[in-house]
Amino acid sequence: MLELRNVSKTVGAETHIDAVDLTLEHGSLNVLLGPTLSGKTTLMRIMAGLERPTSGSVWFDGADVTGIAPQRRNVAMVHQQFINYPSMSVYENIASPLRLAGLDRKTIDAKVRKAADLMKLTPMLDRLPLNLSGGQQQRTALARAIVKDAALVLLDEPLANLDYKLREELRAELPRIFAEAGSIFVYATTEPSEALLLGGNTATLSQGRVTQFGPTIEVFRRPNDLLTAQTFADPPLNTILLDKKGNRFLLDGGVGLPVPVEATSAPDGSYTIGFQPHHLSLAPAGPDAVGVTARVTITEITGSESFVHLAYGDAAWVMLTPGIHTFEVDETIEVFIDPRHLMVFDPAGRAVHSPPLAA
Amino acid sequence: MEKTWNNKAWFLVLPVLLLVGFSAVIPLMTVVNYSVQDTFGNNVFFWSGLTWFEQVLHSRRFHEALLRNLAFSFTILAIQIPLGIFIALNMPRKGIGVPICLVLMALPLLIPWNVVGTIWQVFGRVDIGLLGRTLAAMGINYNYATDPVAAWVTVIVMDVWHWTSLVVLLCYAGLVSIPDAYYQAAKIDGASRWSVFRYIQLPKMHRVLLIAVLLRFMDSFMIYTEPFVVTGGGPGSTTTFLSIDLVKMAIGQFDLGPAAAMSIIYFLIILLLSWVFYTVMTNYDSGR
């Protein structure tokens, strides 16, 4: 069990990590999700022991490891760049942590071959990393991390430098690999979809703070606050500031958005409403759907879906809708909001209501 | 797709061809021309075939100068490459120290060859030079004008002083291009300082090192100005390198034929050795 207790890191006047508390269990996969510069890498470096927190402590299995050097911590790390020893063959690269650990030749060979097999590297064992494709280079780096049987495996955006296809392929294999090892896995990513595909737990990071930590789907569907909801949304979360009166949020032209039942008891006043792009649609998704008139600013077509960017008053929204649509710029269209999936945040950004986990 | 042929485009290449012709091809051909003829003055030439080449290749004078050149180049490489790597490894990576070190390193490279020679000639003089007098005061017998060992040491130290910076700058460029993540990975593996050098820094530097070795080899093999200024090829002929010998022969003795033959041989040796160096080092790179 890895525990970060009130860990902060400041460099000069800049705060990189701000009072983070985090407990990660053995055999778990934990995603650190946040935009660039939100502190993911620094947090990982602190977990690895490459950096010392300015304050707070790091505990591993009940022991304080705050000042202990990384090589004595039983950690492995995979970086965004493909980091392998350039003059060693793939075999030697995978074997290097085992050799440093002083294992005997036979054990090393067995472990290397098993890891290579897992990573589908067996035919490339004699090659130099630079003569491999990016995907194979990163597999080598992953194999080096796995072969160590480290208690803590840190993966810092390991797929970010791979092209789309290889990324999909490797990502699909990762959960299987994680399941076979019993380590604590920490996986940093900037992409909400990657967090959702990997599952496990997610900690959302924003400006050095962990805004929420829990099972990935729960953080996604039931964020504690607006910041978490915005961090965990791509395309960006649609938001609008509305006045609540009784059981209605007032929209332009007198139409009201029904207030979710759980939130009707909240005092009247202004609230931020948030909803995902696919909860806007061209046709009513249910009997409660509310239609509003919005202006099209741009339409992006991915092939099977269209991203329609809309302006509604001062709010800029994105609608993700199936099929190909060719709206003119500045065309006004009627779009429907599905009130079953609304998130409601009070003026301080705290969640007043979130949609149910599954729907 | 049909390729478009535009023969007029060749005219655009013409100026370059003319320039190269006048600056390289014609002078080289003049040398070739001299090397196969003999003259007794009055601009009358006689065909002499490969006589000059045979004469040069069999002369002891040439063999000795060639050996001196090889000894000099290999000594220079053996000192400058490790020293350059060592200095580059210890140079700061960030902060105010970086520009200071880079400027200090670049300074010797900016000084013209003959000035370097003059500096060291004066520096080493026993009567007025700082180095010469200091050594004499310490009781060390150092006189580059009379002692062959002192002459060699002076020429080598001078070249090391002048050119190690080049190796340092090339290695430094190679070192700073290594992403920080490599060092982190090594740290997590618990690799020693030596392992980091052997398995990360050296492999990542080997391309610039290849260039450094080639440049330093070619340049040191053509050494002329500095020993010419400092020792004039002496004492005796102990620091007479091929280039110095060549100039003596061509301008001092006006033996144009043998000198031309010698310069062609000299050129071919440099070409051959450079090619061998390059092939060996690139094969070493891809062979593993």
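Note that the structure is a prediction, hence the values are computed from the model and not measured. First the proteins, then the strands, lettered A, B, ... as listed; each starts at 1.
Under a cut-off of 6.0 angstrom, the local environment of CZ in Phe72(B) is crowded, with over 12 non-hydrogen atoms contributed by other residues, nucleotides or ligands. In this structure, Ile111(B) places its CD1 atom where more than 12 heavy-atom neighbours from other residues, nucleotides or ligands lie under 6.0 Å away. Counting non-hydrogen atoms of other residues, nucleotides and ligands closer than 6.0 Å to OH of Tyr278(B) gives a total of 12 or fewer. More than 12 non-hydrogen atoms from other residues, nucleotides or ligands lie less than 6.0 angstrom from CG of Leu268(B). With a 6.0 Å radius and a threshold of 12 heavy atoms from other residues, nucleotides or ligands, Gln207(A) has its CD atom at or below the threshold. By the neighbour-count criterion of 12 heavy atoms within 6.0 Å, atom CZ of Arg176(A) is densely surrounded, having more than that number from other residues, nucleotides or ligands.
Interface residue Leu100(A): only side-chain heavy atoms are found under 4.5 Å from chain B. Proximity to chain B (any heavy atom under 4.5 Å) is restricted, for Arg45(A), to the side chain, taken from C-beta onward. With a threshold of 4.5 angstrom between heavy atoms, Ala76(A) approaches chain B through N, CA, C or O but not through any side-chain atom. In this structure, no portion of Arg72(A) lies under 4.5 Å from any heavy atom of chain B. Using a 4.5 Å cut-off between heavy atoms, Ser89(A) makes no contact with chain B at all.
Of all non-hydrogen atoms in Gly190(B) and Gln71(A), the two that sit nearest each other are CA-CB, 3.3 Å. The shortest heavy-atom contact between Gln184(B) and Leu50(A) is OE1-CD1, 3.6 Å.
In this structure, CD1 in Ile188(B) is found 11.5 Å from CG in Asn74(A), a value given to the nearest 0.5 Å. Taken to the nearest 0.5 Å, the OG atom of Ser195(B) stands 12.5 Å off from the CZ atom of Arg99(A). The distance from the CZ atom of Arg198(B) to the CE atom of Met88(A) is 7.5 Å, given to the nearest 0.5 Å.
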Any chance you could lay out the side chain to side chain contact (heavy atoms under 4.5 Å, CB included) test for Leu202(B) and Ser87(A), step after step, and finish with the verdict?
-> CA-CA 9 Å; Leu202(B) 201 57; Ser87(A) 60; over 6 Å; no
Give the C-alpha distance, both sets of side-chain angles, the deciding distance and a yes or no for side chain to side chain contact (heavy atoms under 4.5 Å, CB included) between Arg144(A) and Asp189(B).
-> CA-CA 10 Å; Arg144(A) 271 183 53 222; Asp189(B) 281 353; 3.0 Å; yes
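The closest side-chain donor-acceptor pair between Asn84(A) and Tyr182(B), if any, does not fall under 3.5 angstrom.
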